[in-house]
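Any value given below was found using the heavy atoms of this structure, including those in side chains, with hydrogens, waters and symmetry copies removed. In what follows, chains carry the letters A, B, and so on, assigned in the order in which the sequence lines appear, proteins first and then strands, with residues in each chain numbered from 1.
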There are 2 protein chains.
Amino acid sequence: MKRDLQIVDVTLRDGSHAMKHAFTEEQVRQVAKGLDQAGIEYLEVTHGDGLGGSSLQYGFSKVNEMKLIEAAAEECSQAKISVLLLPGIGIKEDLEDAVKAGAKMVRVATHVTEADVAKQHIELGRNLGLKTVGFLMMAHMAPIDKVVEQAKLFESYGAEIVYVTDSAGALLPHEVKERVSALKENLSCEIGFHGHNNLSLAMANTMAAIESGATYVDGSLRCLGAGSGNTQTEVMAAVFDRLGYKTGVELYPIMDVANNIVAKFMPRPQEVTGSSLIMGYSGVYSSFLLFTQEAAKKFNVDERDILVELGRMQAVGGQEDLIYEVAREFARSKKVPV
Amino acid sequence: MKRDLQIVDVTLRDGSHAMKHAFTEEQVRQVAKGLDQAGIEYLEVTHGDGLGGSSLQYGFSKVNEMKLIEAAAEECSQAKISVLLLPGIGIKEDLEDAVKAGAKMVRVATHVTEADVAKQHIELGRNLGLKTVGFLMMAHMAPIDKVVEQAKLFESYGAEIVYVTDSAGALLPHEVKERVSALKENLSCEIGFHGHNNLSLAMANTMAAIESGATYVDGSLRCLGAGSGNTQTEVMAAVFDRLGYKTGVELYPIMDVANNIVAKFMPRPQEVTGSSLIMGYSGVYSSFLLFTQEAAKKFNVDERDILVELGRMQAVGGQEDLIYEVAREFARSKKVPV
């Protein structure tokens, strides 16, 4: 069928964060089979932090991701497997292995200002015959013209789709519109949007993206994903049906995978809690949270103050040392005994 | 302070549904105190179905609502207690008792096409010196001109605010805009919006309402409410702060009530599940759900088919008999053995 929109399901990749990277082969097979039968065309299967993410720093996968990719691919009659690759975490050999395991799409992800590190990986994706996507993470952290500049780099390397990725769930709908519209105006490739629900705006932002010209939108079943989780795949199917968009996704079957399979194994519901709300509010990525909570405890300060300050400082991955500096400064200024 | 917006918190009223009407006095005191300290000006305390709702049909309250209203009022230094009244369920004496217990606002609620039954109750509210509100429930079930006509009736009776109430969580943002804009254009009083999250759109709809001129918006802590729950109060505080609206609500204190008090006693998280999604999708009110599930089991048909058909038929409260007729018809047409 001709689809107006592609819902890309990331339950088996972004959901890996919520599962502490402990997906079993059986879980992956059941979800992949259900997604395939419901009409999803692309589903992503990778460690939460992408190919090669299984490590002390990001958390070890319970089952080797290549095995999971292979298992998912075996269950699909029409759907195709996507993999996520963050240059620096994953390497080119990982992508070659993923292709052998059955991957048909690669999404190469960089921080919103660092698309240039992805040139070789995008080119490799194209050379391997994959549908190749550029993924601009933490898209709230750069002004519009920077987002356009970086997206154009992705396109120049050969990306067929460029994503605005709201990793921290920090964007407001008008900010999504501004970004997606600017890409739509300045690029020829297709535009995608990946949202998180930290401000209860994942669905609103997804709709804003579509109204601005995005044709690829990510979702996960029961929102299973980092932070407060993603836009809810089965809810998107319902809303887009009401709005008259053709997605190729059948409502009852996609609900069945969500409620009869994913809901049964997810370790906790994807609510907007104190921590996830503050991450969305401050625009800080979820990888900072655990360190922040430790520092807050050690220095007897409010974790929210630390996160909001890190957001103000535009701290990015790799700057985790800042957390302790900020916590120490708060403790000093409040004369809290350490 | 001058507020751009009023966030009316309904945790202790709409949340009563999610609590099966079993709020204790201590829970009510803690939540009311927290909301008061966080700067909320109006908080609603009543049985989920309004004054007099405690009954076999709607569920008995664990603690008499007058006692809960009194307890909440005692805890508030600046906040005021609102009560909900559905004519037919609550009677005028209930409202008089509520005022003695400390209520300062009444919201008189009718089905979107039946504002005329509320004339005496609105007048009584005004005569008792209450801030008096008209609440048009199931607002998705009437065309715009009908909503305007009914809202005008409320205004003519003396309502100072008229609400568009999306009881089933069925409205899409453009439908909220159409309704609120039309009221704004045709009425002189203030406009409010009450949302439910069955389609993950409570926050999006609340923003659409504000952009269209609404100045009163309802929320509940951790979304505690019927169906998938309401717009999340503490998330609204964060989002409105980001958008530059003055609500008078302090972010950290409101988060503390949500996460340190409400999250501790709520019986289950407010997710978008299979049943709540289908209610939003089909526009059927949550009171139909239990009967529908029973009928689905008895006739061995999919509860979703029944709910979608009831939505198509525009079934309203009181027409519960239809549920069995629809279920029987599905069983017959599918030749399912009963």
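- Looking at A/A238, the atoms closer than 4.5 Å to chain B (heavy atoms on both sides) sit in the backbone and in the side chain alike.
- Residue A/E250 places its CD atom among 12 or fewer non-hydrogen atoms of other residues, nucleotides or ligands, all under 6.0 Å distant.
- Contact between B/Q232 and A/V272 at its shortest, heavy atoms only, is NE2-O, 2.9 Å.
- Of the listed residues B/C223, B/A202, B/A170, B/A208, the one with more heavy-atom pairs under 4.5 angstrom with chain A than any other is B/A170.
- Between chain B and the options A/L251, A/N205, A/D302, A/N198, the largest number of non-hydrogen pairs under 4.5 Å is found for A/L251.
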Query - side chain to side chain contact (heavy atoms under 4.5 Å, CB included) between B/Y252 and A/D305, intermediate numbers included - result: CA-CA 10 Å; B/Y252 290 5; A/D305 284 327; 3.3 Å; yes
Kindly indicate, with the supporting measurements, whether the criterion side chain to side chain contact (heavy atoms under 4.5 Å, CB included) is fulfilled by A/R222 and B/E271.
CA-CA 8 Å; A/R222 291 296 282 250; B/E271 299 168 284; 3.3 Å; yes
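- Only the side chain of B/E175 comes within contact range of chain A, judged by heavy atoms closer than 4.5 Å.
- Only the side chain of A/M207 comes within contact range of chain B, with heavy atoms under 4.5 Å apart.
- Ranking B/Q270, B/R268, B/R242 against chain A, the residue ahead of the rest is B/R242, based on heavy-atom pairs under 4.5 Å.
- Within 6.0 Å of OH on A/Y245 lie more than 12 heavy atoms contributed by other residues, nucleotides or ligands.
- Using a 4.5 Å cut-off on side-chain heavy atoms (C-beta onward), A/M203 and B/L199 make no contact.
- Within the 4.5 angstrom heavy-atom criterion, only side-chain atoms of B/L277, from C-beta onward, approach chain A.
- If you measure heavy-atom distances from B/E234 to chain A, the contacts under 4.5 Å come from both the backbone and the side chain.
- Counting heavy-atom pairs closer than 4.5 Å to chain A, the top-ranked of the candidates B/G274, B/A204, B/G280 is B/G274.
- Residue B/N260: no heavy atom, backbone or side chain, is found under 4.5 Å from chain A.
- For B/V308, the part sitting under 4.5 Å from any heavy atom of chain A is the side chain, from C-beta outward, and nothing else.
- Taking 4.5 Å as the limit, every side-chain heavy atom of A/Y281 sits out of range of all side-chain heavy atoms of B/V235.
- Annotation: A/F291, atom CZ; neighbour count of heavy atoms from other residues, nucleotides and ligands within 6.0 Å does not exceed 12.
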